[in-house]
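Heads up: the structure comes next, in structure tokens.
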Amino acid sequence: MSGYDFRAIEARWQRRWDERRTFRTPGPGDEGFRPDQPKFYVLDMFPYPSGAGLHVGHPLGYIATDIVARYKRMRGFNVLHPMGFDAFGLPAEQYAIEHGIHPRETTLRNIETMRRQLRALGLSYDWEREIATIDPRYYRWTQWIFLQMFGSWFDPEARRARPIAELEQELAAGRRWVAEDGALVAPGTEGARPWTDLDETARRDVLDAHRLAYVDEVPVNWCPALGTVLANEEVTAEGRSERGNHPVYRRPLRQWMLRITAYAERLLEDLDLVDWPEPIKLLQRNWIGRSEGAEAVFRIDGSGEPVRVFTTRPDTLFGATYMVLAPEHPLVESITAPERREAVEAYRREAARKSDVARQAETKAKTGVDTGARAINPVSGERIPVFIADYVLMGYGTGAIMAVPAHDQRDFEFALAFGLPLRAVVRPDEAWLRAHAPDALADAGADALAEAYVRDPAAFGEAFTGEGVAIQSTRDDLALDGLPTPEAKARITEWLERRGLGRGRVQYKLRDWLFSRQRYWGEPFPILWDESGRPVPVPEDELPVELPEMDDFRPSASDDPTPALARAPESWRIVRRGDRVLRRELNTMPQWAGSCWYYLRFIDPRNDERLVDPERERYFMQPRGVDLYVGGVEHAVLHLLYARFWHKVLYDLGHVSTPEPFGRLFNQGYILAWAYVDERGVYVPADEVEERDGRFWWKGREVTRSYGKMGKSLKNAVSPDEMCAEYGCDTLRLYEMFMGPLEASKPWNTRDVVGVHRFLQRLWRNLVDERGGGLRVTDEPADDALRRLLHRTIAQVTESMERLGFNTAIARLIELNNALVPLERVPREVAEPLVLMLAPMAPHIAEELWERLGHDSSLAFAPWPEADPRWLAVESVELVVQVLGKVRGKVEVPAGADERTAREAAQAHPNVARHLEGRTVRKVIYVPGKLINFVAS
RNA sequence: GCGAAAGUGGCGGAACUGGUAGACGCGCAAGAUUUAGGAUCUUGUGGCCUGACGGCCGUGGGGGUUCGAGUCCCCCCUUUCGCACCA
């Protein structure tokens, strides 16, 4: 018996790779490291070990990266291809709570299962580099990075993070003063004070307020069911938690924040440095949401209280006929007129009940309340009403707007609902006017239309928000009339600045990252609180701050946010330093923390002296970071933005050598599968559904077929374990890659798996005599045609591998293999390259055949076959002959045939001659090697 | 509403800078082999017309550029994804 016994072969080779440490990757300083070798860092997105185990959709990306890793090794690269586990966070903890087991236990068990499943796929990870975020030796450095952020500030002039001590020095030296609101300003600025005027408390306040990690009271998304606060990114558009779909409420809370907004500009700009899919870059750009405009100051009539607004259209300032503050705006309290107080309070209460997101999800009908206050338009001098309305968000800009109803759709709707005046200050183009003119003006001329618009912009049905020419925007010392919008913007911004009434400003949608969670299963903060309520960093040599052992680790599901660690033993919570009593920070870090920097730790996973050794970091990260990073689009903003942010901080502080972590990113598609619902709309197990006459039945009941992402919720998951058992993991690997392009989402079809399985069996039979078990391979040379096919295949497969086109690479290998079927004996010069080319995709069978071909070392480092150009050239080609663009025949001509030869051969073709009969050839198009086209009358 | 990606046989999908549409695989059909089933091998397989040679149509729909369009341009339809009062 010498058939293709994949079970024995796969087990044997997986064991050998392990025993021989085949995929150990030496780095600088390690035994066996070769500094002359180029590196290639290929990385999968950090998986989260869930309790359910893997389904065949999960390893799609892992198989792809493994193929790249194996291919690159054969091309002489020192390949870093590690794997680890992101294991802190909500899902693990939820799972643990549901099963009443400590999260550490369930997490370790899940990791175990996942590691076993991954190993069964024959992935060539360097398992000696495995890391897990829950390991204190790992999270020690997560905490260390947090301390780096706590110990630095962002210098807006240098546009980078610097140690906070340097800020202190600059302040002490008088190079910067501190403004009333705590901002750093130039010495001598009005209202600002020098360092020497500040007492110790004030100084600490200033420094603490400038740290990259700082504490602030902010409105948060509080999820009582999960017992924790969530980041904006973790809340859905419906105002529910992304995990678990529980309601989320807004409330103010003192929280740790990370100053990611300081990096908004660089996060945006540096997208130009990376090779990422354009849609992902766009997603990040939109998330950062940069907009240019100006800030302007309006003063409240009477009190003179300044209200700052942000606008992208400062050119429409003359058209501001009212103002709106967000309901939570701090000035509402003081400016509201006594007789309006009750209505204003009622509206504010109503708004506070709803979360930011829930508020936005509701109808677009505009609501609001007049505060009774009046403000002065700084350019027109008009007294205008001040409203509060929930269409203005406290979290964006200044939380207050100038409303220009003629040129902003939201303001337009609000003005109509509340009977507020509109004032046109931009003249629209004629096309817009005509398209929006009321019926009565259907025949009006251009001037009449423009006049009508100025008289009554509301009659045109919607706000004109485009660019145009400024009108009705002139006063004694400022003339905008006649200026196109961009110039009008520049002119008025300059005027505002000169008069101290405002300045140009860039605004981002991106908010600072809310970094505290109240859950147990996360990294503790390396922070202590002193008697006066100030944060004190835990000294580096005391790291890690280990998570205390607790029997009751459940979150406190309540309306009042209480960290789970509040119930930790007092011996953990209270730290005595001499006669000082310090309390530990009780929040933990969010899910994303550990995955923000894991790619760095893989480079030097056992280093207890530093985060990563600089020499190793440079070797594996230069020049553009991770060379290939593969994962799903779902991480387009959160993980990828957070990781870039941390990386830039580490870069600024000199701990890493590249400005970006991931040079090339690739998003794999999803694996979809049929799913079935019964008459109640409930999903039934897809593997128990039977098909009869095009209809679907489950336990005798008819069910309807639907379609979706493979997973637990649709009950349509297929386990890799079943596939490996039935067909072997080489077949599974091959099938997943053969399904279609890596980036596409495509349907799983177990029935189709036999196709690639047959290919492997046929390959086996081509090289191994099934009866005797001997080789069917001969040292005699291949004939010319086969040799040509071989070299063409090498060229095509190589090209496919370079662009991750594994589906087409496999197709070419199948073709080559099919060509060997009729042969009595297979020439070694074909068999060996075929096995080598298959090796990255189906490594076990390839190793086995390689050994049987007489090689005693693994093919993992065997050189990739090279196509010989001599055998790529052909001496004759089949030329397509067209008449008037339609194919009428094919003729064989010598490869370099000139036009006359080709033309004569073509015209001699009977069918071509027939079509040319009675016509005059006007023109001949000849594409050498491809076709010849006769253009005839 | 705004933005992005994608629509090719019964199915998954190929097709480089415009140059034979449907590679490769599944499925299906016929034949060979086999006691049978399975496996294997051979041949065929976009639709329509034709005994055959061959012809006509065909890449979501409609127009255009070109000797020639799945590929380039314009309009429209459908699906999926992301964002969604961001001033």
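Here is how names work: the chains are called A, B, and so on, in the same order as the sequence lines, proteins then strands, and each is numbered from 1.
Atom NZ of K923(A) is separated from atom C1' of U66(B) by 9 Å (rounded to the nearest Å).
Under 4.0 angstrom from either OP1 or OP2 of G3(B) there lies no side-chain N or O belonging to R285(A). Considering only side-chain N and O atoms, R511(A) lies nowhere under 4.0 angstrom from the phosphate OP1 or OP2 of C86(B). In terms of phosphate contacts, K890(A) brings no side-chain nitrogen or oxygen within less than 4.0 Å of OP1 or OP2 of U20(B). The phosphate of C57(B) has OP1 or OP2 within less than 4.0 Å of a side-chain N or O from K886(A).
The aromatic rings of W432(A) and H436(A) lie parallel to each other, their planes meeting at an angle below 30°, with 60° marking the opposite boundary. Between Y4(A) and H757(A), the two ring planes are tilted [angle within 30° to 60°]. Classified by interplanar angle (parallel below 30°, tilted 30° to 60°, perpendicular above 60°), the ring pair Y642(A)/W513(A) is parallel.
In terms of heavy-atom proximity, I388(A) sits nearest to A326(A) at CG2-O, 4.3 Å. Between K366(A) and R410(A) the shortest heavy-atom distance is CE-O, 3.6 Å. Closest approach of V637(A) and L283(A) over heavy atoms only: CG1-O, 3.8 Å. The two residues Y347(A) and T367(A) make their nearest non-hydrogen contact at OH-OG1, 2.8 Å.
Which of G54(B), G12(B), A87(B) sits closest to the side chain of P747(A) comes down to G12(B). Listed nucleotides: A87(B), G55(B), U40(B). Nearest to the side chain of T311(A): A87(B). Distance from the side chain of R765(A) is smallest to U40(B) among U40(B), C67(B), G13(B). For P279(A), the side-chain atoms get nearest to A4(B) when compared with the rest of A4(B), G68(B), G12(B). Relative to the side chain of R888(A), the nucleotides C67(B), G55(B), G3(B) differ in distance, and G55(B) lies closest.
With both ends at atom C1', the span from U33(B) to U50(B) equals 36 Å, rounded to whole Å. Rounded to the nearest Å, the gap between the C1' atom of G46(B) and that of U20(B) is 15 Å. Separation of the C1' atoms belonging to G27(B) and G3(B) is 39 Å when rounded to the nearest angstrom. Taking the P atoms as reference points, G62(B) lies 15 Å from A69(B), given to the whole Å. With both ends at atom P, the span from A84(B) to U78(B) equals 25 Å, rounded to whole Å. Distance noted for atom C1' between U79(B) and G60(B): 11 Å (whole Å).
G62(B) shows a glycosidic angle more than 90° from 0 and is accordingly assigned anti.
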Task: Trace of the side chain to side chain donor-acceptor pair (under 3.5 Å) decision for Y396(A) with S291(A) - done: CA-CA 11 Å; Y396(A) 185 76; S291(A) 51; 2.9 Å; yes
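Using a 4.0 Å heavy-atom distance criterion, L283(A) is classed as a sugar-phosphate-only contact.
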Can you check nucleotides 21-27 of chain B for protein contacts, nitrogen or oxygen pairs under 3.5 Å, and list what you find?
| from | atom 1 | to | atom 2 | distance (Å) |
| --- | --- | --- | --- | --- |
| A23(B) | O2' | R812(A) | NH2 | 3.0 |
| A23(B) | O2' | E815(A) | OE2 | 2.9 |
| A23(B) | N3 | R812(A) | NH2 | 3.1 |
| G25(B) | OP1 | N818(A) | ND2 | 3.1 |
| C26(B) | OP1 | R758(A) | NH1 | 2.6 |
| C26(B) | O2' | D752(A) | OD1 | 2.4 |

